[in-house]
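Here is the structure we will look at.
Naming convention: chains lettered A, B, ... in sequence-line order (proteins, then strands); numbering from 1 in each chain.
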Amino acid sequence: MKELDRLPIPLLAWYRENARVLPWRPAPGGGALGDPYRVWVSEIMLQQTRVAAVLDYYRRFMAALPAVADLAAVEEDRLMKLWQGLGYYNRARNLQKAARQIMADHGGVFPGTYEGLLSLAGVGEYTAGAVASIAFGLPVPAVDGNVLRVVARLTGDAGDITKPETKRRMRGALEAVIPAGAPGDFNQAMMDLGAMVCLPNGAPLCARCPARGFCRALLENRTGELPVKAPKRARRVEARTVYLIFRRGRVALRRRPEKGLLSGLWEYPNEPGGGPGLLEEWGVTPLRLERGGTARHVFTHIEWQMEALIAQAAEDALPEGWVWAGREALRTLYAVPSAFQGFAHLVEEHICE
DNA sequence: AAAGCGGGGTT
DNA sequence: AACCCAGCTTT
């Protein structure tokens, strides 16, 4: 009998005792179904994002947009403000795109099949499997980073889990053992096990694991070597100048381009390299110009080393599309990514409105 | 198949 | 400083 065949019974028993209590989760262990909209929103927020980071965003989001029709109708700037700081902002745009698909193509009713879910914007194999199993009770695996790690160790599989082929193999193996009576509990139990017991970086808590009696990696003393993962590419460093331009107690903001990094969000004007000369190009005449210190922000693939220039503008004129933002507008209207958080105190000092 | 896309907690 | 997180889309 293979390791995965032996897993469901002890795993589900462990889950009944140890499941995390989460606002989008149905009562664990009873095989109850979750609400599709709530489960879906949570799954999108949780992509590449820890549970702890999601909780407050999820509560705010559901209070503001309690149903799929609300999401379909909300204005984009308000949507981005709800997502501000969570990262991977295309998730929010795809969320709305999918909500409009549901309204237009499915009569406002959530599609209840794996293929129907997969056709929604921003929903891939993992998310379709998660919603299908948790909200609709369908026996489909939901294979995320946690599950790949658990399966790699449990079965002693040394395949590179960053490769699609390895992921396909593990997903297929799970399809064969997922219990038809409680697929949602099984998938969530796998994720909880990965998040709480089968920890990454060679630090699993095997003594607490319901699979400790038959885990290949544990029995063969290979938990430190599994899973196998190809190294990530190094990030590049970019020096940028950030212009904090003030006028009558407000600060200048511009919208980032439609595509690429932080697309569509608002920012203090900034450019690679840069210097005082750019102000003139923008038609901004500085009455005073001073240095504002430095800040650093690390993305997955780029590191910004930023230096701020603080300028007092002589006139109201700004380039097309730029705005003057007061404290209230900055707080409630404009979504500014966390990359600029390092200069928030400077803005706070110079803004008066 | 590889690269782009955020931000923050943990080790 | 590296690793990783309830991944998806585009190239």
query: In the hydrophobic clustering (ILVMFWY, side-chain contacts below 4.5 Å, transitive), which residues join A/L218, or is it alone?
result: none
- request: Select base, sugar-phosphate, or nothing to describe what A/S42 touches, counting heavy atoms under 4.0 Å on all strands.
  value: nothing
query: Please give, in whole Å, the distance from C/dC8 P to A/Y88 OH?
result: 12 Å
DNA chain B: 5'-proximal contact among A/L199 and A/R236 (nearest heavy atom): A/R236
task: Please identify each residue that fulfils side chain to side chain contact (heavy atoms under 4.5 Å, CB included) with A/R25, with sequence neighbours left out.
output: A/Y15, A/A19, A/R20, A/L22, A/Q188, A/D192
Length of the line joining A/R91:CZ and C/dT9:C1', which is rounded to integer Å: 14 Å
query: For the side chain of A/N94, counting heavy atoms from C-beta on, which of C/dC4, C/dT9, C/dA6 is nearest?
result: C/dT9
query: Using a cut-off of 4.0 Å on non-hydrogen atoms, how would the nucleic acid contact of A/S338 be classed: base, sugar-phosphate, or nothing?
result: sugar-phosphate
message: Any base atoms under 4.0 Å from A/V51, or only sugar-phosphate, or nothing? Heavy atoms, all strands.
response: base
field: Sequence-distant partners of A/R233, salt bridge (Lys or Arg N to Asp or Glu O under 4.0 Å), two or more places apart
entry: none
In a table with atom names and distances, give each donor-acceptor pair under 3.5 Å that connects a side chain of residues 123-130 of chain A to protein atoms at least two apart or in another chain.
| from | atom 1 | to | atom 2 | distance (Å) |
| --- | --- | --- | --- | --- |
| A/Y126 | OH | A/E43 | OE1 | 2.6 |
| A/T127 | OG1 | A/Q47 | NE2 | 3.0 |

field: Cation-pi geometry met for A/R240 and A/W304 (6.0 Å, 45°)
entry: yes
query: Hey, can you pull the residues of residues 145-178 of chain A with a non-hydrogen atom under 4.0 angstrom from DNA chain C?
result: A/G145, A/N146, A/R149
- prompt: C/dC8 P sits how many Å from A/Q101 CD, rounded?
  reply: 15 Å
message: Once you apply a heavy-atom cut-off of 4.0 Å, does A/F299 come out as touching a base, just sugar-phosphate, or nothing?
response: sugar-phosphate
Length of the line joining A/R20:CZ and C/dC5:C1', which is rounded to integer Å: 11 Å
field: Fellow cluster residues of A/V237, listed by chain then number, with links counted only when side-chain atoms sit under 4.5 Å apart
entry: none
message: Classify A/W24 by what it touches in the nucleic acid, base, sugar-phosphate, or nothing, heavy-atom distance under 4.0 Å.
response: base
message: Rounded to whole Å, how long is the line connecting atom CD of A/E125 with atom P of C/dT9?
response: 11 Å
task: Could you state the atom-to-atom distance from CG of A/N90 to P of C/dT10 in whole Å?
output: 8 Å
field: For A/F136, ring-ring contact (aromatic ring centres under 6.0 Å, His included) partners two or more places apart
entry: none
field: 5'-most by nearest nucleotide on DNA chain C - A/L46 or A/K97
entry: A/L46
message: Which residues pass the side chain to side chain contact (heavy atoms under 4.5 Å, CB included) test with A/T241, not counting sequence neighbours?
response: A/Y243, A/L309
- prompt: Does a side-chain N or O from A/Q47 land closer than 4.0 Å to OP1 or OP2 of C/dG7, or not?
  reply: no
Return the polar atom pairs (N/O with N/O) between nucleotides 1-3 of chain C and the protein under 3.5 Å, or none.
| from | atom 1 | to | atom 2 | distance (Å) |
| --- | --- | --- | --- | --- |
| C/dC3 | O3' | A/N201 | OD1 | 2.8 |

message: What is the separation between atom CG on A/D144 and atom P on C/dG7, rounded to the nearest whole Å?
response: 5 Å
message: Taking the P atom in each of C/dT10 and B/dG6, what is the distance between them to the nearest angstrom?
response: 14 Å
query: What residues form a salt bridge (Lys or Arg N to Asp or Glu O under 4.0 Å) with A/D77, not counting sequence neighbours?
result: A/R255
- request: May I ask you to say what A/G260 touches in the nucleic acid, namely base, sugar-phosphate or nothing, with a heavy-atom cut-off under 4.0 Å?
  value: sugar-phosphate
query: Is there side-chain contact between A/V140 and A/P183, with heavy atoms separated by less than 4.5 Å?
result: no
task: Take A/S133 and A/N187, measure what side-chain hydrogen bond (donor to acceptor under 3.5 Å, both in side chains) needs, and give me the verdict at the end.
output: CA-CA 8 Å; A/S133 61; A/N187 284 335; 2.9 Å; yes
field: Touch class at under 4.0 angstrom, heavy-atom based, for A/A339 against every strand present
entry: sugar-phosphate
field: Nearest-Å distance for atom pair CD1/P, residues A/I44 and C/dC5
entry: 18 Å
message: Taking any atom closer than 4.0 angstrom to a non-hydrogen atom of chain A, what span of DNA chain B does the protein reach, first nucleotide to last?
response: B/dA1 to B/dG9
- prompt: Is A/A203 touching bases, backbone alone, or none of the nucleic acid, heavy atoms closer than 4.0 Å?
  reply: nothing
query: How far does CG of A/D144 sit from NZ of A/K167, to the nearest 0.5 angstrom?
result: 9.0 Å
Residues that, via side-chain heavy atoms closer than 4.5 angstrom, fall in one hydrophobic cluster with A/L226: A/V228
field: Gap in Å between the two C1' atoms, one belonging to C/dA6 and one to B/dA3, rounded
entry: 22 Å
message: Within the 4.0 Å heavy-atom criterion, would you say A/L86 contacts the bases, only the backbone, or no part of the nucleic acid?
response: base
